[in-house]
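Comments concern the structure below.
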Amino acid sequence: MARRYDCNEATDRATGLREAASAVRRGELVVLPTDTVYGLGADAFSGEAVADLATAKGRGRGMPLPVLIGSPNTLHGLVTDFSEQAWELVDAFWPGPLTLVARHQPSLMWDLGDSRGTVAIRMPLHPVAIELLTEVGPMAVTSANAAGHPAPEDCDAAQQMLGDAVSVYLDGGPVPGIVPSSIVDVTGKVPVLLREGALSPEELRKVVPDLEVAS
């Protein structure tokens with residue numbers, strides 16, 4: 001049976017984070033607040049957990065799962081051929097609503113879908129998310145809704161859709177929702193904006209002036 005913890009209350013938050021970390025290590029699913037919407041997460045390196053996440057979400061392999069991390073330093077062990085411009089974007093906008101598509105280390109033992117050697121990665125600006133990610137490491141995380149339904153902006157909405165498929169719900173209260181992260185591809189010589197979200201091309205070009213926008 002799913003357990004839910006109020007992260008706006010100190011004792012419940014500490015217990016919830018401890019239980020969520022244990023659940024992730026056991027290969028179970030958790031729901032956590034982020035700076036955009038509520039996310040459904042699992043250990044990025046557990047193939048069975050990632051498969052369970054995709055099943056709960058109703059998401060096929062053609063839509064690879066993104067990864068959330070708790071510190072920019074984690075990138076060193078996950079990505080390769082990471083350009084100076086990519087690091088400048090990290091310095092300017094992390095933690096925050098910027099997802100970077102980068103080439104992952106070929107030695108990594110994970111299966112996030114048909115990603116063709118890349119990973120979409122982000123550090124969210126939410127203290128509960130960062131604390132959990134710092135404790136357990138990289139997590140595969142997607143919005144905590146069933147396919148075809150709106151992304152949840154509160155824990156109630158997530159729990160109504162996902163129910164007991166999730167072991168632990170971390171309730172951080174309502175989150176901003178509405179505007180997703182912007183997605184920038186940094187695998188080539190020039191950064192390319194794949195999806196405009198919370199960050200506009202103009203904001204991004206203040207850091208990387210040669211940013212292109214995908215047609």
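This chain uses plain numbering: 1 for the first residue, then up along the sequence.
- Side-chain atoms of Leu89 and Val208, non-hydrogen and from C-beta on, do get closer than 4.5 Å to each other.
- Within 6.0 Å of atom CZ in Arg103, 12 or fewer heavy atoms from other residues, nucleotides or ligands are found, so the atom counts as exposed in its surroundings.
- Distance check: Asp156 CG to Asp171 CG gives 7.0 Å after rounding to the nearest 0.5 Å.
- Residues Leu132 and Tyr5 share a hydrophobic cluster, clusters being chains of Ile/Leu/Val/Met/Phe/Trp/Tyr side chains in contact below 4.5 Å.
- With sequence neighbours excluded, the residues that form a side chain to side chain contact (heavy atoms under 4.5 Å, CB included) with Asp164 are Met1, Ala2.
- Shown are Leu40, Val37, Thr34, Thr36; of these, the side chain to side chain contact (heavy atoms under 4.5 Å, CB included) with Ser143 is made only by Val37.
- Under the 4.5 Å side-chain criterion, counting only non-hydrogen atoms from C-beta, Leu112 is in contact with Val67.
- Between Trp110 and His104, the ring planes lie perpendicular to each other; the angle is over 60°, past the 30° to 60° tilted range.
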Verdict with reasoning, Val101 to Val186, per side-chain contact (heavy atoms from CB on, under 4.5 Å)
CA-CA 6 Å; Val101 177; Val186 294; 6.0 Å; no
Residue pair Leu78, Ile121: steps toward the side-chain contact (heavy atoms from CB on, under 4.5 Å) verdict
CA-CA 10 Å; Leu78 299 181; Ile121 196 162; 3.5 Å; yes
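- The side chain to side chain donor-acceptor pair (under 3.5 Å) test applied to Thr74 returns no partner, not counting sequence neighbours.
- Remark: the backbone N or O of Ile69 is not paired with any side-chain donor or acceptor of Arg122 at under 3.5 angstrom.
- Side-chain contact between Leu162 and Tyr169 is present, with heavy atoms from C-beta onward closer than 4.5 Å.
- Taken together through direct or relayed side-chain contacts under 4.5 Å among Ile, Leu, Val, Met, Phe, Trp and Tyr, Val192 and Val184 form parts of separate hydrophobic clusters.
- Nearest heavy-atom pair across Gly77 and Leu108 is O-CD2, 3.8 Å.
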Applying side chain to side chain donor-acceptor pair (under 3.5 Å), run through Thr99 and Arg195 and close with a yes or a no.
CA-CA 9 Å; Thr99 297; Arg195 180 182 76 188; 5.2 Å; no
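- Among all heavy-atom pairs drawn from Leu53 and Ala140, the shortest one is CD1-O, 3.3 Å.
- A heavy-atom distance below 4.5 Å is found between the side chains of Trp94 and Leu75.
- Between Leu204 and Leu98 the shortest heavy-atom distance is CD2-CD1, 4.1 Å.
- Among residues at least two apart or in separate chains, there is no salt bridge (Lys or Arg N to Asp or Glu O under 4.0 Å) pair with a member in residues 68-92.
- With sequence neighbours excluded, the residues that form a side chain to side chain contact (heavy atoms under 4.5 Å, CB included) with Ser200 are Glu196, Glu202, Glu203.
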Going through the checks in order, is the side-chain contact (heavy atoms from CB on, under 4.5 Å) test met by Val128 and Ile130?
CA-CA 6 Å; Val128 173; Ile130 289 176; over 6 Å; no
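- Of the inter-residue distances, the one linking Gln160 atom CD with His149 atom NE2 reads 11.5 Å to the nearest 0.5 angstrom.
- Here Arg205 does not pair with Asp210 in a salt bridge; the nearest charged N to carboxylate O distance is not below 4.0 Å.
- Considering every non-hydrogen atom in both Ser182 and Gly197, the closest pair reads OG-N, 2.8 Å.
- Exactly one of Leu125, Leu133, Leu68 qualifies for a side chain to side chain contact (heavy atoms under 4.5 Å, CB included) with Pro95. That residue is Leu125.
- Atom CG in Leu65 sits 9.0 Å away from atom CG in Asp111 (nearest 0.5 Å).
- Between Thr187 and Thr118 the shortest side-chain heavy-atom distance falls below 4.5 Å.
- For the pair Leu170 and Leu17, the minimum side-chain heavy-atom distance is below 4.5 Å.
- Pairs of residues two or more places apart, or lying in two chains, that qualify as salt bridge (Lys or Arg N to Asp or Glu O under 4.0 Å) and include a residue from residues 6-32 are Arg3-Glu19, Arg13-Glu131, Arg25-Glu135, Arg26-Glu28.
- Ser181 contributes no side-chain N or O that, together with a main-chain N or O of Pro97, makes up a donor-acceptor pair within less than 3.5 Å.
- Between the CD1 atom of Ile183 and the CG atom of Leu199 there is a distance of 11.5 Å, given to the nearest 0.5 Å.
- Glu212 has its side chain out of reach of Asp185: every pair of non-hydrogen atoms, C-beta onward, lies at least 4.5 Å apart.
- Both Val119 and Trp87 sit in one connected hydrophobic cluster of ILVMFWY residues. Membership requires side-chain heavy atoms under 4.5 Å apart, directly or through other members.
- The two atoms that bring Gly27 and Ala49 nearest to each other are O-CB, 3.4 Å, heavy atoms only.
- Pairing each heavy atom of Ala129 with each of Leu32, the nearest pair is CB-CD1, 3.8 Å.
- At least one side-chain heavy atom of Val30 sits under 4.5 Å from a side-chain heavy atom of Met139.
- Looking only at distances, no side-chain donor or acceptor of Tyr38 sits under 3.5 Å from a matching main-chain atom of Gln159.
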For Leu100 and Val90: C-alpha separation, side-chain torsions, deciding distance, then whether side-chain contact (heavy atoms from CB on, under 4.5 Å) applies.
CA-CA 9 Å; Leu100 296 176; Val90 167; 3.6 Å; yes
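- Residues satisfying the side chain to side chain contact (heavy atoms under 4.5 Å, CB included) criterion with Pro174, sequence neighbours excluded, are absent altogether.
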